[in-house]
Amino acid sequence: MDESVIISNAFHHAPWGTPITIYFWLVGASAGSFVISSFGWVFGIKRYKPLALTASFMAIFLLMIVPVLLIWDLGQPWRFFYLMLPGYWHSTAPMSWGSILILSYPVSMMVYCVFVIKGNVTWARATGILAIVLALSTHWYTGVVMELNPGRYINHTALAPLLFLTGAFISGIGGLLLVLWIQNFFLSAEKRISWTLMSEMAQYMMYGIVFDIFLLWLEFMQTLYGNDGEYMGHAEVLMNLFSFPYIWLEMVIGLLIPLLLLVSPIKHNKVVILAASAMVAFGVYGMRIWWVMGGQFIQTFY
Amino acid sequence: MAETHNDESGKRHHRDYGIQTPGTKGVPGTKRYAMAIDLRKCIGCMSCVVACKAEFGTPLGVWRTWVKTADKGAYPNTTRVFMPRLCNHCDYPICVRNCPTQATYKHEDGFVLQRYNRCIGCRTCIVACPYNARHLIPLKRTDGNLPTLVVDKCTFCIHRVKKGLLPSCVQTCVGGARIFGDMNDPDSEVAKLLAKEKVTVLKPSLGTEPAVFYIGGDFEIMSENKSYTNRTTQLKEEFNTFKRKHPGDAFGDIVEGESTMYWVKKNMVDFVAEIPHKAGEVGKIIKKLIFG
């Protein structure tokens, strides 16, 4: 049978673009950084207490950029508060929950920071637990918001929140290690964060990388053996048009090279740790690109 | 009669989350407006597209309804087939459950509608719609008094239907290919047609229960993936040109054959460039609120 050729059709724009990819990356790095911040005050690992505030401030700073991106990405920026109005709020819409999380997460971190500065262990722990739940939920939401669309074949996977949270964890640590390295230049010798501790964090990042590769492998099999839409997403989007952010940026630069560095005999070397951190932080952005923009690509031709 | 979402025992499987009214397809005592499109009668004249554009003043570059065209076979045995497309006014619309401000909702008679005054332009509904039936009204529009940068879609011409008229695309269809009516009314033309003919819907596996039915549907033209893989080179280039010359206000376009990262970057530049305009609009509203 001869196949047909499509000779005319309407042209459609992809509805979400670069600002959303950056937003997903920022929220993830913020959540990952805050998890490290909580090690000392929430989980009681004392050697992490000195970096709690730096990690929290980094998490807050990254999250402060988010509203700028999200509000100006709206067609009607002045209507952003509709998301919180009782008569407008829609409980079945993931974005309705997301808007509450994005608002409450930075506030909870700020309260946590106040108690950390005051040295109030009990309240720092209590508010820290709340902030961790909100941090994870905020980033869980970024996975869910596109996952719950059965027509978006690449995004419609229950692995989405896990992929996002794992990416958050490793990019947050990567970003934080770079910030701590810069911060050390401005601190006296006794206040500097030790390289032993930073090397330990890099090893946590390595475990996260291994888990991320495992999740990507599951997702790879799902799309390779998937239905027509999933396979098209695999063959045409991920392996072809978005091969740079998917294969090179995320897998090679963001995961494989850092993994090799962090399991090698020189894994405690400063340069190696910093290089791996930068590559992971940058590489995770590749996942945000193919997830958001690649997930929408095929359908623009329908 | 088109299949309803009931199991063998007659139990109804509701998927009506959020503010949408329950699915009414085949439910006695309710109305369920639907459209049957007889593809055997469509001649591809595009008068439905023009009528819709004229009815609503839809701006350039976006469509509430459009007609997809394909050539089948090999010379000299070729056929040209057409497929009109529009919002499927699903019984269980994904767009409605995902709208964060209740801007889009399902009318009790089956129309899926959009409220511009509630829409924040987040485009979640466009992401959710499996049928590409929604669009963001572009910033540049001939009539400046009409809304821009909110999401728009086909309304099944509810303003005409409520006055006893047919939707403009149906009214103007020269081949009589589009048939509209209440499919729950057994005496309506659409119900009779659905009972008599074999019909197909788009993406039935998604569970949306579309209210647009195709008679004589062809898999080759109805398939989403073949719309991508079986494009002519000319159509591919036309779309690329469209993306270059008519950038969307959503900053997510990627032009095939060019660097993906270049377009990721360019989209961000376009996003930043549009902020002053949006800021100006915000300023105007604040000024109006303060000074009246």
Side-chain angles (χ1 to χ4, degrees), chain A residues 2-22 72-80 82-83 85 87-96 98-99 145-146 148-152 228-229 232 236 241-242 244-245 289 292-293 296-302, chain B residues 17-19 63 66 68-74 81 85 94 97-102 118-124 126-130 132 135-136 149-150 203 206 220-221 224-225 227-228 230-232 235 239 242 248-254 256 260-261 264 267-268 271 275 278 282 285:
Chain A
D2 296 308
E3 284 201 330
S4 61
V5 285
I6 309 296
I7 60 167
S8 83
N9 202 354
F11 300 131
H12 305 281
H13 293 294
W16 284 352
T18 308
I20 303 296
T21 62
I22 297 174
W72 293 114
D73 189 56
L74 294 176
Q76 310 287 328
W78 54 94
R79 292 185 183 171
F80 76 92
Y82 286 10
L83 288 162
L85 288 182
Y88 288 65
W89 198 78
H90 193 196
S91 61
T92 60
M95 191 176 278
S96 295
S99 54
V145 73
M146 290 188 80
L148 297 182
N149 299 312
R152 302 282 172 187
D228 205 23
M232 281 296 286
E236 292 295 331
L241 200 74
F242 283 76
F244 180 76
I289 293 173
V292 176
M293 295 164 92
Q296 302 169 92
F297 185 74
I298 295 274
Q299 208 186 85
T300 58
F301 299 89
Y302 183 42
Chain B
Y17 321 120
I19 58 161
W63 295 266
W66 68 98
K68 193 170 157 188
T69 312
D71 281 348
K72 288 192 72 176
V81 290
R85 291 280 311 275
I94 304 170
R97 70 182 187 225
N98 277 5
C99 175
T101 58
Q102 305 184 19
R118 278 177 172 256
C119 181
I120 60 172
C122 68
R123 311 179 297 281
T124 307
I126 308 181
V127 177
C129 176
N132 262 349
H135 57 262
L136 187 73
L149 296 182
V150 288
K203 300 187 180 179
L206 296 184
E220 296 279 317
I221 196 168
E224 177 178 355
N225 291 336
S227 300
Y228 177 73
N230 291 10
R231 291 168 297 157
T232 58
L235 186 59
F239 192 13
F242 173 81
D249 296 296
F251 323 107
D253 286 337
I254 300 287
E256 288 172 278
T260 306
M261 296 311 286
V264 168
N267 284 325
M268 195 60 197
F271 165 73
I275 289 178
K278 287 181 176 173
V282 175
I285 287 168

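All chains are named by letter (A, B, ...) in the order of the sequence lines, taking the proteins before the strands, and each is independently numbered beginning at 1. Every value quoted in this text rests on a predicted model; they were computed, and no experiment measured them.
Using modelled atom types, one side-chain atom of A:His90 and one backbone atom of B:Cys99 make a donor-acceptor pair closer than 3.5 Å. Judged purely by atom type and a 3.5 angstrom limit, A:Arg152 has no side-chain atom pairing as donor or acceptor with the backbone of B:Ala128. For the pair B:Arg85 (side chain) and A:Ala10 (backbone), a donor-acceptor distance under 3.5 Å is absent. Remark: the backbone N or O of A:Thr92 is not paired with any side-chain donor or acceptor of B:Arg97 at under 3.5 angstrom. The backbone N or O of B:Cys122 lies less than 3.5 Å from a partner atom in the side chain of A:Trp16, making a donor-acceptor pair.
Using a 30° and 60° split on the angle between ring planes, A:His12 and B:Trp66 fall in the perpendicular class, above 60°.
In terms of heavy-atom proximity, A:Ile6 sits nearest to B:Ser227 at CG1-CA, 4.0 Å. Smallest separation of non-hydrogen atoms from A:Pro77 and B:Lys278: CG-CD, 3.7 Å. Taking every heavy atom of both residues into account, A:Gln76 and B:Leu149 meet most closely at NE2-O, 3.2 Å. Across A:Gly151 and B:Leu206, no two heavy atoms sit closer than the pair CA-CD1, 4.0 Å. A:Trp78 and B:Val282 get closest at one heavy-atom pair: CE3-CG2, 3.4 Å. A:Ser4 approaches B:Asn230 most closely through the heavy-atom pair O-ND2, 3.0 Å.
Using a 4.5 Å cut-off between heavy atoms, B:Phe239 contacts chain A through both its backbone and its side chain. Interface residue A:Phe11: backbone and side-chain heavy atoms are both found under 4.5 Å from chain B. Proximity to chain B is limited to the backbone of A:Leu148, based on heavy atoms less than 4.5 angstrom apart. There is no contact between A:Thr21 and chain B, counting heavy-atom distances below 4.5 Å. Of the two parts of A:Trp89, only the backbone, made up of N, CA, C and O, holds a non-hydrogen atom closer than 4.5 Å to a non-hydrogen atom of chain B. Only the side chain of B:Met261 comes within contact range of chain A, judged by heavy atoms closer than 4.5 Å. Residue contact with chain B, scored on non-hydrogen atoms closer than 4.5 Å, involves the side chain of A:Gln296 exclusively. Interface residue A:Leu83: backbone and side-chain heavy atoms are both found under 4.5 Å from chain B.
Note on B:Pro100, B:Ala70, B:Ala250: by heavy-atom pairs under 4.5 Å with chain A, the leading option is B:Pro100. Counting heavy-atom pairs closer than 4.5 Å to chain A, the top residue among B:Asn98, B:Ile285, B:Ile254, B:Asn225 is B:Asn225. In terms of non-hydrogen atom pairs under 4.5 Å with chain B, the most contact-rich of A:Ser8, A:Ala93, A:Ala14 is A:Ser8. Ranking A:Pro245, A:Gly98, A:Ser96, A:Ser99 against chain B, the residue ahead of the rest is A:Ser96, based on heavy-atom pairs under 4.5 Å. Across B:Ile120, B:Thr260, B:Ile221, the residue that shares the most heavy-atom pairs under 4.5 angstrom with chain A is B:Ile120. Contact tally against chain A (heavy-atom pairs below 4.5 Å) for B:Val81, B:Thr232, B:Leu136: the top residue is B:Thr232.
You'll find the side chain of B:Arg231 stays beyond 4.5 Å of the side chain of A:Val5, heavy atoms only. The shortest side-chain heavy-atom distance between B:Phe251 and A:Met293 does not fall under the 4.5 Å cut-off. Using a 4.5 Å cut-off on side-chain heavy atoms (C-beta onward), A:Thr18 and B:Phe271 make no contact. You'll find the side chain of A:Tyr88 stays beyond 4.5 Å of the side chain of B:Gln102, heavy atoms only.
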Starting from the C-alpha separation in whole Å, work towards a yes-or-no answer on side-chain contact (heavy atoms from CB on, under 4.5 Å) for B:Lys68 and A:Tyr302. CA-CA 9 Å; B:Lys68 193 170 157 188; A:Tyr302 183 42; 4.2 Å; yes
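Atom-to-atom distance recorded for B:Glu256:CD and A:Leu241:CG is 6.0 Å, nearest 0.5 angstrom. For the atom pair CZ of B:Arg123 and CE of A:Met95, the computed distance is 8.5 Å after rounding to the nearest 0.5 Å. Note that the CG atom of A:Asn9 and the CG atom of B:Asn132 stand 8.5 Å from one another [nearest 0.5 Å]. In this structure, CD in A:Glu236 is found 4.5 Å from OH in B:Tyr228, a value given to the nearest 0.5 Å.
At least one cation-pi condition fails for B:Arg118 and A:Tyr82: the charged atom is not both under 6.0 angstrom from the six-membered ring centre and inside a 45 degree cone around its axis.
For B:Asp253, there are no salt bridge (charged side-chain N to carboxylate O under 4.0 Å, His left out) partners, not counting sequence neighbours. Contacts of B:Thr124 classified as side-chain hydrogen bond (donor to acceptor under 3.5 Å, both in side chains), with partners at least two apart in sequence or in another chain: none.
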